[in-house]
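Keep in mind that this is a model prediction, so the values were computed, not measured.
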Amino acid sequence: MASLIDRAGLDRARVKTLIGRGLDGADDGELFLEYRQSEALLFDNGRLKQATYDTAQGFGLRAVKGEAVGYAHASDVSEAALARAADAVRAVKGGHSGRYAEAPGRTNVHFYGDENPLQAPGFEAKVKLLQDIDAYTRAKDPRVRQVSVSLAASWQVVEIVRADGESYRDLRPLVRVNVSVVAGEGDRQETGSNGYGGRERYARFIETSAWQGAADSAVRQALINLQSVPAPAGEMDVVLASGWPGVMLHEAVGHGLEGDFNRKKTSAFSGLMGKRVAAKGVTIVDDGTLMQRRGSLTIDDEGTPTNRTMLIEDGILVGYMQDRQNARLLNMKPTGNGRRESYAHMPMPRMTNTYMLAGARDPGEILASVKNGIYAVHFGGGQVDITSGKYVFQCTEAYSIENGKVGAPLKGAMLIGNGPTDLHRVSMIGNDLALDTGIGTCGKNGQGVPVGVGQPTMRIDKITVGGTA
């Protein structure tokens with residue numbers, strides 16, 4: 001695709017002059033241009049309930065001086081709007097005259113081609129696909145009472161221009177499919193869901209085997225939950241399954257390792273660089289370079305190439321996730337984690353794909369080691385306090401463990417703990433590392449961005465379980 005500056009009919013030399021005027025004397029900053037197409041289809045209760053298509057474009061101009069930031073944005077990509085934005089962000093400098101930060105390094109890697117996932121298949125084929133998924137799911141079991149199927153995709157084009165005229169571009173496709181089920185027996189109803197996606201075109205995601213697998217999993221979870229019994233309460237050993245349960249790691253630990261919280265010393269991990277923060281064997285990375293994963297990018301939203309950033313290595317804190325501003329203020333290097341929801345938002349340190357590396361234990365061995373505990377397979381919502389590290393997570397699929405055997409499915413199980421404390425309670429790590437299926441969205445300061453999570457099967461000793469039994 002052509003440069004977004006050219007697409008808007010702007011003169012590149014004039015744009016450089018306007019950026020230079022707005023950022024003159026600032027420490028750092030950039031012009032962020034965005035063009036995005038997105039669509040969403042929802043098939044609910046046996047009919048097409050929603051079909052939306054949207055095209056958006058705009059720019060954000062940022063000037064950074066120390067800890068202060070001036071930001072102006074508009075959906076009108078014109079010279080007049082850029083001139084007004086340049087005048088607005090100049091106010092942040094306060095008479096400062098310093099050395100403008102060096103530009104991000106370049107990369108020869110280009111993750112995604114210029115193929116727009118919204119172009120194929122056509123609208124009628126997508127509606128037919130949703131109908132097929134709905135019919136297949138309802139036919140799985142007579143206890144299935146309601147089915148909701150959604151299909152969503154976006155194509156984002158970004159261009160980042162610095163005051164020296166250097167330009168960085170990225171193309172970002174994104175697709176997601178989700179199946180939700182309500183199953184019932186008598187007066188009792190329970191839910192199940194499964195979704196998948198990634199940064200590529202629709203082709204792989206609309207294969208019959210892919211959507212049938214998601215439907216099968218959603219129905220299985222709903223039917224299992226129909227047989228669930230009230231979860232016990234108290235302190236017990238917990239085994240987390242591989243894959244999506246890494247969302248607990250993302251929330252309870254990952255956010256605390258973002259640069260802004262540590263610069264402000266509001267993270268439970270502040271001041272612990274080089275110290276032991278987890279049990280031996282615990283190694284956690286953030287990796288934005290994994291091809292086609294939901295959290296992966298060629299460059300971040302400041303132009304820095306994404307990286308595989310080691311955060312905790314064998315239990316020792318060795319790194320933070322950084323954008324440019326916080327990295328400079330902490331005298332560290334940017335890690336390619338400067339992300340923003342859109343042109344209307346300022347970048348900040350955010351995760352990409354965050355996961356724990358595999359250990360050496362067989363998952364069956366880990367389960368067999370627990371005399372009385374909980375096996376948590378799937379999570380729903382959770383809450384985390386970054387400053388203290390305290391968390392609460394709801395299990396949407398969990399089982400009792402009795403004498404090393406997986407027992408009855410549990411209803412209403414909540415895991416309650418403290419991320420930094422519980423990292424020291426990891427006693428066994430499986431050899432079955434898995435990443436999630438491509439469904440994660442992370443919220444921070446009102447901004448949502450797509451992310452990935454993952455982990456191997458893991459035993460954590462003595463976690464508080466909230467239940468109703």
(message) Does Glu402 form a side chain to side chain donor-acceptor pair (under 3.5 Å) with Asn372? I'd like the steps, not just the answer.
(response) CA-CA 5 Å; Glu402 300 174 2; Asn372 178 41; over 6 Å; no

(request) Test side-chain contact (heavy atoms from CB on, under 4.5 Å) on Val181 and Val219 and set out the steps. (result) CA-CA 6 Å; Val181 171; Val219 172; 4.0 Å; yes

(message) I'd like to know whether Leu357 forms a side-chain contact (heavy atoms from CB on, under 4.5 Å) with Ile284, so could you lay out the CA-CA distance, the side-chain angles of the two residues, the decisive distance to 0.1 Å, and finally the verdict.
(response) CA-CA 6 Å; Leu357 300 191; Ile284 300 172; over 6 Å; no

(message) For Lys275 and Leu317: C-alpha separation, side-chain torsions, deciding distance, then whether side-chain contact (heavy atoms from CB on, under 4.5 Å) applies.
(response) CA-CA 6 Å; Lys275 305 287 183 61; Leu317 179 60; 5.8 Å; no

(request) Show your working on side-chain contact (heavy atoms from CB on, under 4.5 Å) between Val392 and Leu415 and close with a plain yes or no. (result) CA-CA 6 Å; Val392 178; Leu415 301 188; over 6 Å; no

(message) With side chain to side chain donor-acceptor pair (under 3.5 Å) as the criterion, how do Asn178 and Ser150 come out once you've worked through the C-alpha distance, each side chain's angles and the decisive distance to 0.1 Å?
(response) CA-CA 5 Å; Asn178 199 78; Ser150 63; 4.8 Å; no

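The line from CZ of Arg199 to CH2 of Trp155 is 13.5 Å long, rounded to the nearest 0.5 Å. With rounding to the nearest 0.5 Å, the separation of OG1 in Thr283 from OH in Tyr355 is 11.0 Å. Going from atom CG of Asp44 over to atom CG of Asp134 covers 9.0 Å, rounded to the nearest 0.5 Å. To the nearest 0.5 angstrom, Lys390 atom NZ is 9.5 Å from Thr421 atom OG1. Note: Tyr196 OH to Thr437 OG1 = 9.5 Å, rounded to the nearest 0.5 Å. Separation of atoms CG (Asp170) and CD1 (Ile299) is listed at 5.0 Å; rounding is to 0.5 Å.
Ion pair Lys462/Asp237 not flagged as a salt bridge, since none of the NZ, NE, NH1 or NH2 atoms sits closer than 4.0 Å to an Asp/Glu carboxylate oxygen. Taking the charged nitrogens against the carboxylate oxygens, Lys280 and Asp314 do have a contact shorter than 4.0 Å, which makes a salt bridge. Here Arg340 does not pair with Glu302 in a salt bridge; the nearest charged N to carboxylate O distance is not below 4.0 Å. Using a cut-off of 4.0 Å between Lys/Arg side-chain N and Asp/Glu carboxylate O, Arg220 and Glu397 are scored as salt-bridged. For Lys411 and Glu190, the salt-bridge test passes: some basic side-chain N is under 4.0 Å from an acidic carboxylate O.
Contact between Gly288 and Thr306 at its shortest, heavy atoms only, is O-OG1, 3.2 Å. Considering every non-hydrogen atom in both Asn418 and Ser388, the closest pair reads ND2-O, 2.7 Å. Nearest heavy atom pair, residue Arg36 against residue Ser154, reads NH1-OG, 4.3 Å. Listed here is the closest heavy atom pair of Val179 and Ala215: CG1-CA, 4.2 Å.
Taking 4.5 Å as the limit, every side-chain heavy atom of Val285 sits out of range of all side-chain heavy atoms of Thr309. By the 4.5 Å heavy-atom criterion applied to side chains, Ile460 and Met458 are counted as neighbours. Using a 4.5 Å heavy-atom threshold, the side chains of Leu311 and Val318 count as separate. Within the 4.5 Å cutoff, the side chain of Leu41 has heavy atoms near those of the Phe123 side chain. With contacts defined as side-chain heavy-atom distances shorter than 4.5 Å, the pair Glu39/Asp54 does not qualify. Here the side chains of Ile374 and Met236 are in contact, with some heavy-atom distance below 4.5 Å. Under the 4.5 Å side-chain criterion, counting only non-hydrogen atoms from C-beta, Ile401 is in contact with Leu367. Counting only heavy atoms from C-beta outward, the side chains of Leu130 and Asp132 never approach each other to under 4.5 Å.
Between the side chains of Asp461 and Ser427, at least one donor-acceptor pair of N or O atoms lies under 3.5 Å. Side-chain contact annotation: Thr335 with Asn307, donor-acceptor N/O pair under 3.5 Å absent. If you check the side chains of Thr289 and Asp287, you find a donor sitting under 3.5 Å from an acceptor. Under the 3.5 Å distance criterion, with hydrogens and angles disregarded, a donor-acceptor pair is assigned to the side chains of Ser369 and Arg459. Tyr391 and Asp422 share a donor-acceptor pair across their side chains, judged by distance under 3.5 Å alone. Between Thr354 and His250, the side chains place no donor N or O within less than 3.5 Å of an acceptor N or O (distance only, hydrogens not considered).
In this structure a side-chain-to-backbone donor-acceptor pair under 3.5 Å is present from Tyr71 to His345. Without hydrogens or angle criteria, Asn326 side chain to Gln322 main chain gives no donor-acceptor distance under 3.5 Å. Judged by distance alone, with hydrogens and angles left aside, the side-chain atoms of Glu34 form a donor-acceptor pair with the main-chain N or O of Tyr343 at under 3.5 Å. Checked by atom type and distance alone, the side chain of Asn353 pairs as donor or acceptor with a backbone atom of Gly295 at under 3.5 Å. Proximity of a side-chain donor or acceptor of Thr387 to a complementary backbone N or O of Thr266 within less than 3.5 Å is detected. Looking only at distances, a side-chain donor or acceptor of Asp436 sits under 3.5 Å from a matching main-chain atom of Ile439. Judged by distance alone, the side chain of Ser148 and the main-chain N or O of Ser180 form no donor-acceptor pair under 3.5 Å. Looking at Asp323, its side chain never comes within 3.5 Å of a backbone N or O of Asn337 through a donor-acceptor pair. Within the 3.5 Å criterion, the main-chain N or O of Pro104 finds a donor-acceptor partner in the side chain of Tyr168. Between the Gln189 side chain and the Gly184 main chain, no donor and acceptor come within less than 3.5 Å of each other.
At least one test fails for Arg62 against the ring of Phe32: distance under 6.0 Å to the centre or angle within 45° of the axis. Cation-pi contact between Arg7 and Tyr35: present, with separation from the ring centre below 6.0 Å and deviation from the ring axis of at most 45°.
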Side-chain donor-acceptor pairs of residues 203-214 under 3.5 Å, sequence neighbours excluded:
from: Arg204; atom 1: NE; to: Glu200; atom 2: OE1; distance (Å): 3.3
from: Arg204; atom 1: NE; to: Glu200; atom 2: OE2; distance (Å): 3.1
from: Arg204; atom 1: NH2; to: Glu200; atom 2: OE2; distance (Å): 2.7

When the side chains of residues 267-274 are checked against the rest of the protein, which donor-acceptor pairs come out under 3.5 Å, sequence neighbours left out?
from: Ser267; atom 1: OG; to: Gly256; atom 2: O; distance (Å): 2.6
from: Ser267; atom 1: OG; to: Phe269; atom 2: N; distance (Å): 2.9
from: Ser270; atom 1: OG; to: Ser267; atom 2: N; distance (Å): 3.2
from: Ser270; atom 1: OG; to: Ser267; atom 2: O; distance (Å): 3.0

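For residues 438-447, the side-chain hydrogen bond (donor to acceptor under 3.5 Å, both in side chains) pairs, not counting sequence neighbours, are Glu258-Lys444, Asp260-Lys444, Arg294-Thr441.
More than 12 heavy atoms of other shown residues, nucleotides or ligands fall within 6.0 angstrom of atom CD in Gln50.
When Arg324, Arg350, Arg172, Arg339 are each tested for a salt bridge (charged side-chain N to carboxylate O under 4.0 Å, His left out) with Asp301, only one passes: Arg172.
Centroid-to-centroid, the aromatic rings of Phe379 and Phe393 come within less than 6.0 Å.
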